[in-house]
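Below you'll find the structure, written out as structure tokens, and then a few comments.
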Amino acid sequence: MSERIHTPAKKRAVYPGSFDPITSGHVDIIQRGLKIFDEILVAVVENPKKKSLFTTKERMNMIQDFFVDHKDIEVKAFDGLLVEFAKNNNANIVIRGLRAISDFEYEFQMALMNRKLDSEIETLFMMPNLSYSFLSSKLVKEIFMLGGGLKDLVPGQVEKKLREKFKKSTQA
Ligand code: PNS
């Protein structure tokens, strides 16, 4: 009897966000996600309503630069509905990081709305390392602008990009 060779399909998840810019907390979630999934598609939202410091391309480049050796990480921009993007990219799991209770209400609302929009899409919440549970892109930008150090809070390349960005904007 011939043995049937079973090649399981790759488990793929979408990790969406603004990533303005990517922080060590985001990196931590991606690395944890890779323990569960074969591939993670990092989806950078293009939201003209939400003013971002970095352009979509810059936000994507910072993520790509950090994960340059990872064949299992893909970075794409998206606009429109997340559930549509996930479906069009063969993923039915959305990963979101949950830092504190304060995140819960917004995340709960979004997960259930996404489920209402497409019942095939599941949201998986992951807790970052405790040392990142207070960390956000918004605070990173504020600390940087006020002259504070970002050691351990963002990848080194991101700190460099922040420096370049603010040098440019003060020269303009
Ligand atoms: O990093 P953020 O800003 O918390 O990410 C929010 C994001 C991008 C996940 C969310 O705004 C989103 O999914 N936007 C896409 C539009 C959409 O699908 N809206 C309906 C969600 S209920």
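Values below: every heavy atom of this structure, side chains too, minus hydrogens, waters and symmetry copies. As the structure lists them, so they are numbered: ligands from 1, and atoms in each ligand from 1.
- Of the N and O atoms on the side chains of Lys87 and Asn92, not one donor lies less than 3.5 Å from an acceptor on the other residue.
- Within a 6.0 Å sphere centred on CG of Leu146, heavy atoms belonging to other residues, nucleotides or ligands number more than 12.
- Surrounding CZ of Phe134 are more than 12 heavy atoms belonging to other residues, nucleotides or ligands, all under 6.0 Å away.
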Which protein N or O atoms sit under 3.5 Å from any N or O of ligand 1? Give each pair with its distance.
from: ligand 1; atom 1: 1 (O); to: Ser18; atom 2: N; distance (Å): 2.9
from: ligand 1; atom 1: 3 (O); to: Ser18; atom 2: OG; distance (Å): 2.5
from: ligand 1; atom 1: 3 (O); to: Lys50; atom 2: NZ; distance (Å): 3.0
from: ligand 1; atom 1: 4 (O); to: Arg96; atom 2: NH2; distance (Å): 2.9
from: ligand 1; atom 1: 5 (O); to: Arg96; atom 2: NH1; distance (Å): 3.4
from: ligand 1; atom 1: 18 (O); to: Leu82; atom 2: N; distance (Å): 2.8

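- Within a 6.0 Å radius of CZ in Arg115, no more than 12 heavy atoms belonging to other residues, nucleotides or ligands are found.
- Judged by distance alone, the side chain of Arg59 and the main-chain N or O of Glu46 form no donor-acceptor pair under 3.5 Å.
- Note on residues 136-155: pairs passing side-chain hydrogen bond (donor to acceptor under 3.5 Å, both in side chains), not counting sequence neighbours, are Asp20-Lys141.
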